[in-house]
Student: 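Here's a structure for you.
Given the structure is predicted, the values throughout are model-derived calculations rather than measurements.
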Amino acid sequence: MINIFLGAPGTGKGTVSYLLKKNCNYKHLSTGNIFRNITKRNTQIAKKVRDILKKGELVDDQLTFKVLLEDLEKYNLKKDNIILDGYPRNINQAEILLEYFNRHYKDLKISVINFKLPESVIIERLTNRLICPKCGKSYHKIFFELKSQKEWYCDDDGTKLIQREDDKIKSIKKRLEIYNKETKPLIKYFTDRDILINVDVNDSSQEVYKKVFEKCQN
């Protein structure tokens with residue numbers, strides 16, 4: 001089964017993906033993580049992407065899909081529960097993805113979970129978010145027991161947590177602008193195909209995890 005996680009930055013897609021992967025053996029594919037780790041890949045497609053990025057150019061939608069497909073094809077799409085986090089990002093990518101599934105996996109079950117959260121809450125979350133650079137687990141400063149401490153560490157592997165550059169206010173506003181322009185239209189696109197499920201994620205990570213898990217099982 002394919003579970004597409006749709007939502008603005010900061011809505012908790014990565015956190016829920018982490019919990020589903022840890023607790024329920026879901027397979028988590030994030031194009032953000034894939035591109036951040038592109039230097040570690042030795043494939044021809046990865047080399048092509050690195051060359052494009054070195055020139056400061058954008059990777060087109062077809063090539064982005066090929067990068068994703070290298071990981072996607074490692075799994076059994078009919079038996080494994082797979083999360084696509086951060087993909088597709090626009091309608092063209094969605095059409096490429098669905099065309100591939102229709103051609104190769106006609107009976108594949110696909111659901112799109114839309115993480116709904118007010119923009120003011122998104123900004124508050126992202127400016128206080130910390131990430132483990134080793135495992136990718138995310139945390140929130142105000143939820144830590146010792147809120148006044150200056151350093152925090154991952155409770156899974158002990159790695160010092162960091163704030164991503166794109167979680168600073170100027171970058172956040174730019175990311176939301178891009179999301180509203182390019183990705184938000186996917187809500188209507190998937191609604192029209194009767195595969196979109198809205199989930200209110202203005203709650204604790206554990207409660208959101210329970211809500212999303214329940215939707216993924218239906």
Side-chain angles (χ1 to χ4, degrees), residues 1-21 23-34 61-62 64-65 67-69 71-73 75-123 125-126 138 172 175-218:
M1 178 178 177
I2 298 292
N3 302 281
I4 297 172
F5 282 7
L6 182 64
T11 51
K13 302 186 300 296
T15 299
V16 173
S17 297
Y18 171 85
L19 292 170
L20 286 170
K21 178 180 178 180
N23 299 333
C24 310
N25 199 32
Y26 275 57
K27 316 304 179 185
H28 177 213
L29 295 183
S30 162
T31 49
N33 289 339
I34 290 171
D61 291 339
Q62 285 286 353
T64 298
F65 175 68
V67 172
L68 175 76
L69 196 58
D71 279 10
L72 193 60
E73 290 185 332
Y75 303 114
N76 185 327
L77 272 65
K78 292 185 177 181
K79 292 184 178 180
D80 291 330
N81 283 307
I82 299 169
I83 298 167
L84 296 185
D85 172 12
Y87 188 93
R89 289 183 182 271
N90 57 53
I91 288 176
N92 187 49
Q93 289 184 355
E95 290 178 339
I96 292 169
L97 182 68
L98 293 187
E99 193 276 332
Y100 171 82
F101 287 150
N102 287 334
R103 190 169 68 247
H104 297 283
Y105 301 94
K106 289 185 178 180
D107 298 324
L108 182 65
K109 186 176 179 182
I110 303 170
S111 69
V112 181
I113 309 294
N114 182 37
F115 287 55
K116 295 184 65 177
L117 191 66
E119 195 163 294
S120 60
V121 179
I122 290 172
I123 292 172
R125 280 190 181 184
L126 288 179
S138 63
I172 291 168
R175 290 165 68 196
L176 289 173
E177 181 184 328
I178 293 170
Y179 168 80
N180 288 328
K181 181 181 178 181
E182 297 183 5
T183 308
K184 198 171 183 178
L186 285 170
I187 295 174
K188 183 179 185 305
Y189 178 87
F190 287 123
T191 298
D192 291 345
R193 283 151 184 80
D194 199 28
I195 55 175
L196 185 123
I197 302 167
N198 287 303
V199 176
D200 180 358
V201 297
N202 196 4
D203 211 334
S204 70
S205 58
Q206 284 296 329
E207 288 303 313
V208 174
Y209 160 64
K210 291 175 185 176
K211 291 179 188 178
V212 174
F213 177 72
E214 181 182 339
K215 299 298 183 184
C216 288
Q217 299 306 300
N218 293 335

Student: Restricting to pairs with a member in residues 182-218, which pass ring pair (Phe, Tyr, Trp, His ring centres under 6.0 Å), not counting sequence neighbours?
Tutor: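 Pairs touching residues 182-218 that pass the test: none.
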Student: Could you tell me whether the side chain of Leu29 reaches within less than 4.5 Å of the side chain of Leu68, counting heavy atoms only?
Tutor: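 The answer is yes, as the side chains (C-beta and beyond) meet within the 4.5 Å cut-off.
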Student: If every non-hydrogen atom of Pro9 is compared with every non-hydrogen atom of Leu126, which pair is closest and at what distance?
Tutor: O-CD1, 3.8 Å
Student: Got a second to check how far Ile172's CD1 is from Glu119's CD, nearest 0.5 Å?
Tutor: 10.5 Å
Student: Is there a donor in the side chain of Asn90 and an acceptor in the side chain of Glu182, or the other way round, less than 3.5 Å apart?
Tutor: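 Short answer, no.
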Student: Please examine the side chains of Asn33 and Asp85, heavy atoms only from C-beta on, and report whether any two atoms are closer than 4.5 Å.
Tutor: no
Student: Run the numbers on Arg103 and Glu99 for salt bridge (Lys or Arg N to Asp or Glu O under 4.0 Å), then give the verdict.
Tutor: CA-CA 6 Å; Arg103 190 169 68 247; Glu99 193 276 332; 2.4 Å; yes
Student: So if I apply the side-chain hydrogen bond (donor to acceptor under 3.5 Å, both in side chains) rule between Asn114 and each of Thr11, Asn198, Asp200, Thr191, which one comes out positive?
Tutor: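 The option that passes is Asn198.
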Student: Which one of Asn3, Thr31, Leu6, Leu72 satisfies the side chain to side chain contact (heavy atoms under 4.5 Å, CB included) criterion with Leu84?
Tutor: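 Running side chain to side chain contact (heavy atoms under 4.5 Å, CB included) over Asn3, Thr31, Leu6, Leu72 with Leu84 returns exactly one hit, Leu72.
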Student: Compare all side-chain heavy atoms of Ile4 with those of Leu97 and state whether any distance is below 4.5 angstrom.
Tutor: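 Yes, at least one pair of side-chain atoms sits under 4.5 Å.
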Student: Is there a side-chain contact between Arg193 and Leu98 in this structure, where contact means two heavy atoms from C-beta onward sitting under 4.5 Å apart?
Tutor: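 Yes, side chains in contact.
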Student: Strictly by modelled atom types, are Lys27 and Asn25 linked by a side-chain donor-acceptor pair under 3.5 Å?
Tutor: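 The answer is yes; a qualifying pair exists.
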Student: Calculate, to the nearest 0.5 Å, the distance between atoms NZ and CD1 belonging to Lys211 and Ile197 respectively.
Tutor: 14.0 Å
Student: Would Glu214 and Lys210 pass as an ion pair if we require N to O under 4.0 Å?
Tutor: no
Student: To the nearest 0.5 Å, what is the distance between CD1 on Ile82 and CG on Leu20?
Tutor: 13.0 Å
Student: Lys13 side chain to Phe115 main-chain N or O, any donor-acceptor pair under 3.5 Å?
Tutor: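 It does not hold such a pair.
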Student: Within a reach of under 6.0 Å around NZ of Lys116, are more than 12 heavy atoms found that belong to other residues, nucleotides or ligands?
Tutor: no
Student: Nearest 0.5 Å please: distance from the CG atom of Asp71 over to the CD1 atom of Ile34.
Tutor: 4.5 Å
Student: Is the closest side-chain heavy-atom distance between Phe5 and Cys216 below 4.5 Å?
Tutor: yes
Student: Which value, rounded to the nearest 0.5 Å, describes the distance between Ile113 atom CD1 and Ile195 atom CD1?
Tutor: 10.5 Å
Student: Quick one: are Ser205 and Val16 in side-chain contact, heavy atoms under 4.5 Å?
Tutor: no
Student: Looking only at non-hydrogen atoms, find the nearest pair between Pro88 and Ala94 and report the distance.
Tutor: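 Heavy atoms of Pro88 and Ala94 come nearest at CB-N, 3.5 Å.
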Student: Verify, without hydrogens or angle tests, whether Thr183 (side chain) and Arg89 (backbone) share a donor-acceptor contact under 3.5 angstrom.
Tutor: yes
Student: Would you sort out whether Lys109 and Ser111 count as a side chain to side chain contact (heavy atoms under 4.5 Å, CB included), showing the intermediate values?
Tutor: CA-CA 7 Å; Lys109 186 176 179 182; Ser111 69; 5.7 Å; no
Student: Should Val112 and Leu186 count as side-chain neighbours, where that means a heavy-atom distance under 4.5 Å?
Tutor: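 Not in contact.
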Student: Give the intermediate values and the outcome of side chain to side chain contact (heavy atoms under 4.5 Å, CB included) for residues His104 and Leu77.
Tutor: CA-CA 10 Å; His104 297 283; Leu77 272 65; over 6 Å; no
Student: Contact between Asn81 and Cys24 at the side-chain level, heavy atoms closer than 4.5 Å - yes or no?
Tutor: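 No; the side chains remain at least 4.5 Å from each other.
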Student: Roughly how far, to the nearest 0.5 Å, is the CG atom of Asp80 from the OH atom of Tyr75?
Tutor: 8.0 Å
